[in-house]
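Since the structure is predicted, the reported quantities are computational estimates derived from the model, not experimental observations. Start at 1 with the first residue, then count along the sequence.
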Amino acid sequence: MRHKQYPFIVGFLIVPVVLYVVLVIWPYLQTFGYSLTDWSGASQQMNFIGLDNYTKLFENGDFTTALGHNLLLLIVLPLATILLALFFAFMLNVGGRGGTGGVQGVRGAGFYKVVFFFPQVLSVAILSMLFQGVYQTSQGGLLNGVLIKLGIEQADKPWQWLSDPNLGLWCVIGVLIWSGVGFYLVLFSAAMQNVPKDIYEAALLDGAGRGQTFFKITLPLLWETIQTAWVYLAIAAMDCFALVSTMTPGAYYGGGPDHHSEILATLLMRNFVTYGKAGYACAMGVVIFFITLILSVISLRVTRREKIEF
C-alpha cells in the first residue's frame with residue numbers, strides 16, 4: 001500500500017477476473033436457473049417449476065444406473081491409472097543400479113517415456129476408431145483374432161466386446177486407463193527426478209528392497225503429486241462423454257446396450273439434444289457439478305498429510 005502497488009496489481013487482474021466471471025461463473029448460474037424451469041432448449045419460453053426436475057432425476061432408473069456407472073469409474077479409473085503410472089515411473093527412474101551401487105533409471109528410459117506418452121497426442125476420435133478395430137466382433141478384430149489364434153475363443157462364436165452388457169463399460173475403462181497412464185507416468189517421473197538420489201542410495205545401503213524403497217521413500221515424497229492426479233482423474237471419470245458416446249452402441253450418444261454403458265454425460269446430452277428436455281438436462285448438469293466438487297474436496301481432505309521436505 002505504501003508503494004501504491006494495489007492499483008498496479010488490480011490493473012493486471014481485472015481483465016482475467018472479468019473474463020472468468022463472464023465465461024465460467026455466469027454460465028454455471030444460468031444452468032442452475034434453467035434447471036428450475038421446463039425449458040425445451042428450442043424456444044425462449046420457459047416456466048418456473050421449482051425443484052421438479054431434481055425430483056424426477058432420482059425417480060428415473062436410467063439416472064441412477066448412469067450414476068452407478070460413474071461411481072464405478074470414480075473408483076477404478078483413478079486407482080488403476082495411478083498404480084500403473086507409479087509402477088512404471090518407479091521402474092524407469094529407479095529401476096536400474098549403477099555399477100558402484102548407485103541408483104539410476106533403466107536403460108532407454110527416455111524412449112520408454114515417449115512411447116508411454118504417445119496416446120496423449122491422439123485425439124478422442126482416433127482413440128475411438130482405433131479401439132473399435134481392436135474390439136471388433138468379427139475375426140478381423142485384433143483382440144478376437146488373437147484369442148482365436150491362441151485357442152481361447154471359438155471362431156464361430158466371437159466375443160461381443162462392446163455389445164456385451166457385462167463387458168461394454170469395462171472395455172471403455174480399459175481404453176481410458178491405457179490412454180491416461182502415459183501422462184501420469186511423465187508427471188510422476190518429473191516428481192521423482194526431484195528426489196535426491198542420495199536418499200535411495202542410503203536406503204539401499206541399509207538393506208532396503210525395491211518394495212520398501214517405493215513405499216517408504218517414493219510414495220511419501222510424491223504424495224502431493226498423487227493427490228493432484230487423483231483429483232484430475234476423478235473429474236475425468238465424471239465426464240468420459242466423447243469416448244463412451246463414440247464407442248458404445250446406442251441410438252443416440254451411445255450408452256448401450258440397454259443403458260449398460262450409460263454415464264451421466266451421455267444421458268444428459270440425450271435429454272438435452274434428442275428429447276428436448278433442456279431444463280431437465282440442466283438439473284442433471286448441476287448434480288454432476290456438485291458431485292464432482294464434493295468428491296474433489298473430499299479427496300483433497302482425506303489424502304491431505306504433512307508436507308515432507310528434503
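The closest side-chain heavy-atom distance from Thr218 to Phe188 is not below 4.5 Å. With a 4.5 Å cut-off on side-chain heavy atoms, Val134 and Trp161 do not count as touching. Annotation: side chain of Trp159 is in contact with side chain of Leu147 (closest heavy-atom distance under 4.5 Å). Using a 4.5 Å cut-off on side-chain heavy atoms (C-beta onward), His259 and His69 make no contact. You'll find the side chain of Ile291 reaches within 4.5 Å of the side chain of Leu67, heavy atoms only. Contact annotation: the side chain of Lys113 approaches that of Leu185 to within less than 4.5 Å [non-hydrogen atoms, C-beta and beyond]. Trp170 has its side chain within reach of Leu72: a pair of non-hydrogen atoms, C-beta onward, lies under 4.5 Å apart. Side-chain contact between Val175 and Tyr135: present, with at least one pair of heavy atoms (C-beta onward) separated by less than 4.5 Å.
Residues Trp39 and Asn47 have side chains that never bring a donor and an acceptor to within less than 3.5 angstrom of each other. Side-chain atoms of Ser261 and Thr248 include no donor-acceptor pair closer than 3.5 Å. Inspection of the Asn271 and Tyr253 side chains reveals no N or O donor paired with an N or O acceptor under 3.5 Å.
Tracing side-chain contacts under 4.5 Å through hydrophobic residues (I, L, V, M, F, W, Y), one never reaches Ile75 starting from Leu233; they form parts of separate clusters. Under a hydrophobic-cluster definition in which Ile, Leu, Val, Met, Phe, Trp and Tyr are linked whenever side-chain heavy atoms come within less than 4.5 Å, directly or via other members, Val273 and Val286 are assigned to the same cluster. Note: the hydrophobic cluster containing Met129 does not contain Leu243 (ILVMFWY, side chain heavy atoms under 4.5 Å, direct or indirect links). The cluster map of Ile, Leu, Val, Met, Phe, Trp and Tyr, joined by side-chain heavy atoms under 4.5 Å apart, puts Val114 and Val181 in different clusters. Both Ile217 and Phe215 belong to a common hydrophobic cluster when Ile, Leu, Val, Met, Phe, Trp and Tyr are linked at side-chain heavy-atom distances under 4.5 angstrom.
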- Message: Test side chain to side chain contact (heavy atoms under 4.5 Å, CB included) on Tyr280 and Asn60; report intermediate values, then the result.
- Response: CA-CA 11 Å; Tyr280 182 75; Asn60 187 344; 3.0 Å; yes
- Dump the intermediate steps for side-chain hydrogen bond (donor to acceptor under 3.5 Å, both in side chains) on Ser35 and Asn53, then the final yes or no. CA-CA 7 Å; Ser35 71; Asn53 285 326; over 6 Å; no
- Start with the C-alpha distance between Met247 and Leu162, add both sets of side-chain angles, then the distance that settles side chain to side chain contact (heavy atoms under 4.5 Å, CB included), and finish with yes or no. CA-CA 7 Å; Met247 285 189 65; Leu162 294 173; 3.9 Å; yes
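Leu176 CG to Leu127 CG: the interatomic distance, rounded to the nearest 0.5 Å, is 9.0 Å. Put simply, CH2 on Trp230 and OH on Tyr184 are 11.5 Å apart, with the number rounded to the nearest 0.5 Å. How far NZ of Lys277 is from OG of Ser40: 12.5 Å, rounded to the nearest 0.5 Å. A distance of 8.0 Å separates CG of Asn144 from CD of Gln160, quoted to the nearest 0.5 Å. Rounding to the nearest 0.5 Å gives a distance of 9.5 Å between CG of Leu92 and CZ of Phe87. One distance of note links CG of Leu264 with CZ of Phe241; it measures 12.5 Å at 0.5 Å rounding.
A donor-acceptor contact shorter than 3.5 Å is absent between the side chain of Ser179 and the backbone of Pro119. In this structure, the side chain of Thr37 engages the main chain of Tyr34 through a donor-acceptor pair within 3.5 Å. A donor-acceptor pair is defined here as one N or O able to donate and one able to accept, closer than 3.5 Å; such a pair exists between the side chain of Thr266 and the backbone of Ile263. Of the possible donor and acceptor atoms, none in the side chain of Arg270 sits under 3.5 Å from a partner among the backbone N and O of Gly255. Side-chain N or O atoms of Gln227 include none that pairs as donor or acceptor with a backbone N or O of Arg301 at under 3.5 Å. The backbone N or O of Ile49 sits nowhere less than 3.5 Å from a side-chain atom of Asp38 that would complete a donor-acceptor pair.
Nearest heavy atoms, Met192 versus Leu86: CE-O, 4.0 Å. The heavy-atom pair separating Trp178 from Leu122 by the smallest distance is CH2-CD1, 4.5 Å. Closest heavy-atom contact between Ile235 and Ser296: CG1-OG, 4.1 Å. Heavy atoms only, all atoms of each residue included: Phe117 and Gly182 are closest at CD1-O, 4.0 Å. Nearest heavy atom pair, residue Leu267 against residue Phe63, reads CD2-CA, 3.6 Å. Residues Asn93 and Ser189 come closest through the heavy atom pair ND2-OG, 3.0 Å.
Heavy-atom contacts from other residues, nucleotides or ligands closer than 6.0 Å to OH of Tyr232 number 12 or fewer. The neighbour count for Phe48 CZ, taken as heavy atoms of other residues, nucleotides or ligands under 6.0 Å away, is above 12.
Aromatic ring pairs are classed by plane angle as parallel below 30°, tilted from 30° to 60° and perpendicular above 60°; the pair Phe289 and Tyr28 is tilted. Below 30°, between 30° and 60°, or above 60°: for Phe214 and Phe90 the angle between ring planes is above 60°, a perpendicular geometry.
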